[in-house]
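Side chains are part of it too, since the values below use all heavy atoms of this structure and drop only hydrogens, waters and symmetry mates.
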Amino acid sequence: MFRGIQFKSIFMKFSASFILVGLIPLFALSFFSVNTFSEYVERYTTRNMQQMVLYMSYNLNVAFDQYNETSKLMYTGRYDGWVESSRQNQTYNVNVLETINTTPIESYLKTLLFSDSHITSVHFVRKSDGKLYYQEKGNKALDEERLPYRDWLAAMAPQPSKVAIFPTHDDEYYYGSSRKVFTIGRSLIDTSGRVTREPKVVGTLFLDVDVEVFRQMIQELSLGDKDELYLLDKDGSVYFSNQEQPAVHDVSLLASEDPERIVIREPIPFLNGELIARIHRDSLFERLFSARMTVYLAIIICAFVLIVMGVWFSRRLARPIRDVIRQMSVVESGNLETKLDVSSNDELGRLAYGFNRMVERLQAYIDEAYVAQIKQKQTELNALKSQIRPHYLYNTLEVIRMNAVDKGESEVADMILSLSNQLKYVIDYGEDKVSIRSELEHLQHYFRIISVRYENRFDLHLDIGPGVNLDWPIVKLSLQPIVENAIQHGLRPKGRGTVGVTMENKNGQLHVTVYDDGTGMDRTRLSQVNEKLHAEQVPGKSIGLKNVNERIRTLFGPDYGLSISSREHIGTSVLLLFPVPDGEQPAPEAEADSSGRQDTQDASGY
């Protein structure tokens with residue numbers, strides 16, 4: 001039955017439609033995109049490989065030219081920051097002094113050896129007697145018989161003034177070495193004296209360069225095991241290949257078309273040769289197959305996510321409405337204490353909010369109809385009791401006072417009168433604000449009792465500024481708790497002292513300062529008091545200051561309230577800020593004049 005209800009649900013139908021509308025375009029667009037993407041990737045990959053081969057051919061040509069320039073240092077003499085004229089007798093230098101550019105041949109060869117990280121060894125063959133000079137980075141011993149320098153000299157003899165490059169070979173003429181190198185040869189020609197038909201060759205320099213310089217460039221191509229790369233000169237000689245045993249042994253067939261391979265050719269101007277890359281198609285597009293499978297997998301994942309999202313969306317949309325239906329059943333049963341959680345601001349959130357408002361209004365109507373009369377009767381009864389009790393208390397105190405007067409106890413009578421006035425002031429309900437005059441009268445009644453209680457050891461000093469109107473309103477019972485606090489915590493430990501109250505009109509605000517010359521507080525204690533004053537929770541004790549501060553802020557706003565400052569052994573000062581009523585701002589002359597203060601030294605008046 002539950003399954004039947006689920007399939008009849010409008011949300012279930014909406015979810016199914018959402019999934020179908022999403023899946024059909026997804027599959028159609030995905031298959032079309034995969035085919036288009038495959039064609040594009042094939043073209044892009046081929047062009048990218050052509051660009052990379054072109055870039056490698058350029059780098060190879062630059063590398064050959066760099067080593068060619070290195071071999072020319074015999075003529076320019078520019079190495080290690082040293083420059084010398086090329087018009088010198090190299091024949092005499094080499095044959096007699098055994099120097100090149102006034103540098104010993106061995107030192108010169110070592111300089112060339114370490115001028116490039118890929119130069120593995122350097123040889124120099126003197127023409128006059130065939131003496132061989134050499135330097136090798138690994139300090140390996142040379143087997144002169146295996147060094148094919150004679151073949152190299154014979155190959156360079158027809159054109160001694162040109163550089164010669166010999167294809168890749170093993171440098172097995174060094175004991176224990178198995179490096180692959182290619183050799184660059186250049187003859188040192190004496191350019192001093194007359195120019196002769198035949199160049200005056202003094203000696204020949206050979207540089208062995210590690211083919212690792214080629215392999216580093218090949219790594220940028222990311223060639224596969226089936227891909228082939230050949231570096232050829234104009235005669236078809238293979239200078240380098242990434243294959244130990246090339247698949248094509250006939251060099252003339254390297255550039256021929258092959259259905260299984262993509263053939264890319266780029267020229268190498270320095271060799272008058274070319275770079276031929278034979279890229280295996282399956283290896284090149286193997287990544288494309290992986291990408292295609294990745295796209296198919298992404299399609300499956302998207303379809304799965306779409307289905308999950310459709311089901312989740314349906315349930316999430318249906319759950320709030322089901323909650324409303326469930327709570328409506330609860331309200332129908334007569335329980336009006338139910339409430340829905342509003343977790344969003346959309347239509348469903350507004351529906352839940354409207355339901356809660358409906359229940360609240362219904363509860364309010366019931367309260368007005370059945371409970372309001374009972375509460376009204378109870379309120380009237382409590383008000384009557386509160387009126388009877390203070391009235392009875394006032395009458396009792398008056399009887400006691402008159403009895404004290406009759407017996408000549410005037411001080412006791414005055415204390416009873418002050419106490420009666422205090423109680424009347426405190427118990428009088430319905431007032432949050434009183435005039436400054438009333439608050440000061442209450443403060444004086446309080447201080448009169450304090451003076452008798454502590455044998456006149458404490459004095460009250462009132463200082464009312466000229467711009468202060470005693471009829472202005474302030475918070476009821478705002479001064480007495482602070483004065484009481486000053487006596488209890490500031491003056492009593494000291495034994496004697498004065499409490500002062502000053503009132504000034506500053507910048508449209510009433511500044512009331514209650515200060516004492518008592519013990520004061522240290523910084524730690526003052527910090528604790530300020531924290532309690534501004535804390536959100538109500539402290540367990542010492543709530544008088546916080547109560548006054550909260551009542552001022554509640555009645556007049558957050559710009560008003562009280563602040564405390566204190567210095568240990570000097571005293572404490574509490575500043576209360578109240579607003580000045582509109583239209584009561586003093587003239588600038590009156591505000592600047594501070595000579596006409598109302599000053600009272602004790603509690604007798606103001």
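- Shown here for L533 and K546, the closest heavy-atom pair between the two residues is O-NZ, 3.6 Å.
- Here the side chains of M503 and D463 are not in contact, with every heavy-atom distance at 4.5 Å or above.
- Side-chain contact check for V529 versus M521: some heavy-atom pair is nearer than 4.5 Å.
- In terms of heavy-atom proximity, S573 sits nearest to T513 at OG-CG2, 3.3 Å.
- Looking at residues two or more places apart in sequence or on another chain, you find a side chain to side chain contact (heavy atoms under 4.5 Å, CB included) between L555 and D432, K433, V475.
- Residues forming a side-chain hydrogen bond (donor to acceptor under 3.5 Å, both in side chains) with R492 (at least two apart in sequence, or on another chain): Q488.
- Atom NZ of K110 is surrounded by 12 or fewer heavy atoms from other residues, nucleotides or ligands within 6.0 Å.
- Annotation: side-chain hydrogen bond (donor to acceptor under 3.5 Å, both in side chains) contacts of N530 (sequence neighbours excluded): none.
- Contact check for L443 versus L460: side-chain heavy atoms found under the 4.5 Å cut-off.
- For the pair F458/V499, no side-chain contact is recorded, criterion being any heavy-atom separation below 4.5 Å from C-beta on.
- A side chain to side chain donor-acceptor pair (under 3.5 Å) check over residues 552-568, counting only residues at least two apart or in different chains, returns the pairs S566-T572.
- Proximity of L577 to L562: side-chain heavy atoms (C-beta onward) are nowhere separated by under 4.5 Å.
- Residue F556 comes nearest to P473 through the heavy atom pair CZ-O, 4.4 Å, listed as atom of the first residue, atom of the second, then distance.
- In this structure, R551 contributes its side chain and K476 its backbone to a donor-acceptor pair below 3.5 Å.
- Taking CD1 from I570 and CG from D516, the interatomic distance works out to 11.5 Å, rounded to the nearest 0.5 Å.
- Residue E439 comes nearest to L477 through the heavy atom pair OE1-N, 3.1 Å, listed as atom of the first residue, atom of the second, then distance.
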Run L576 and I552 through side chain to side chain contact (heavy atoms under 4.5 Å, CB included) and show every step you take. CA-CA 9 Å; L576 297 88; I552 294 175; 3.9 Å; yes
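- Comment: R457 does not engage E455 in a salt bridge, judged by the lack of any side-chain N to carboxylate O separation of less than 4.0 angstrom.
- For D517, the side-chain hydrogen bond (donor to acceptor under 3.5 Å, both in side chains) test picks out no residue, with sequence neighbours left out.
- Rounded to the nearest 0.5 angstrom, K532 NZ and N549 CG are separated by 15.0 Å.
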Please determine whether side chain to side chain contact (heavy atoms under 4.5 Å, CB included) holds for the pair L479 and L440, giving the CA-CA distance in whole Å, both sets of side-chain angles, and the decisive distance to 0.1 Å. CA-CA 8 Å; L479 300 183; L440 291 178; 3.9 Å; yes
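- When the ring pair (Phe, Tyr, Trp, His ring centres under 6.0 Å) test is applied to Y58, no partner is found at least two apart in sequence or on another chain.
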Would Q509 and N507 count as a side chain to side chain contact (heavy atoms under 4.5 Å, CB included) here? Give the steps. CA-CA 6 Å; Q509 291 181 335; N507 300 323; 5.7 Å; no
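- Between H118 and K137 the shortest heavy-atom distance is N-NZ, 4.3 Å.
- Taking both residues in full, the closest heavy atoms of W472 and G467 are given as CH2-O, 3.0 Å, listed atom of the first, atom of the second, then distance.
- Interatomic distance, CD1 of I474 versus OG of S438, reported as 9.0 Å (0.5 Å rounding).
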Step-by-step side chain to side chain contact (heavy atoms under 4.5 Å, CB included) determination, V468 to V580: CA-CA 9 Å; V468 177; V580 172; over 6 Å; no
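- Proximity of L510 to N505: side-chain heavy atoms (C-beta onward) are nowhere separated by under 4.5 Å.
- Q51 meets the side chain to side chain contact (heavy atoms under 4.5 Å, CB included) test with L54; sequence neighbours excluded.
- Partners of S117 according to the side chain to side chain contact (heavy atoms under 4.5 Å, CB included) rule, which considers only residues two or more places apart in sequence or in another chain, do not exist here.
- Interatomic distance, CD1 of I450 versus CG of N456, reported as 11.5 Å (0.5 Å rounding).
- Residues I487 and F447 form a side-chain contact, since some pair of their non-hydrogen atoms from C-beta on lies under 4.5 Å apart.
- Partners of D471 under the salt bridge (charged side-chain N to carboxylate O under 4.0 Å, His left out) rule, at least two apart in sequence or in another chain, are R437.
- With values rounded to the nearest 0.5 angstrom, E504 atom CD is found 8.0 Å from H511 atom NE2.
- When the side chain to side chain contact (heavy atoms under 4.5 Å, CB included) test is applied to Y55, the partners found at least two apart in sequence or on another chain are N59, E220.
- Atom CD of Q480 and atom CD of E484 lie 5.0 Å apart (nearest 0.5 Å).
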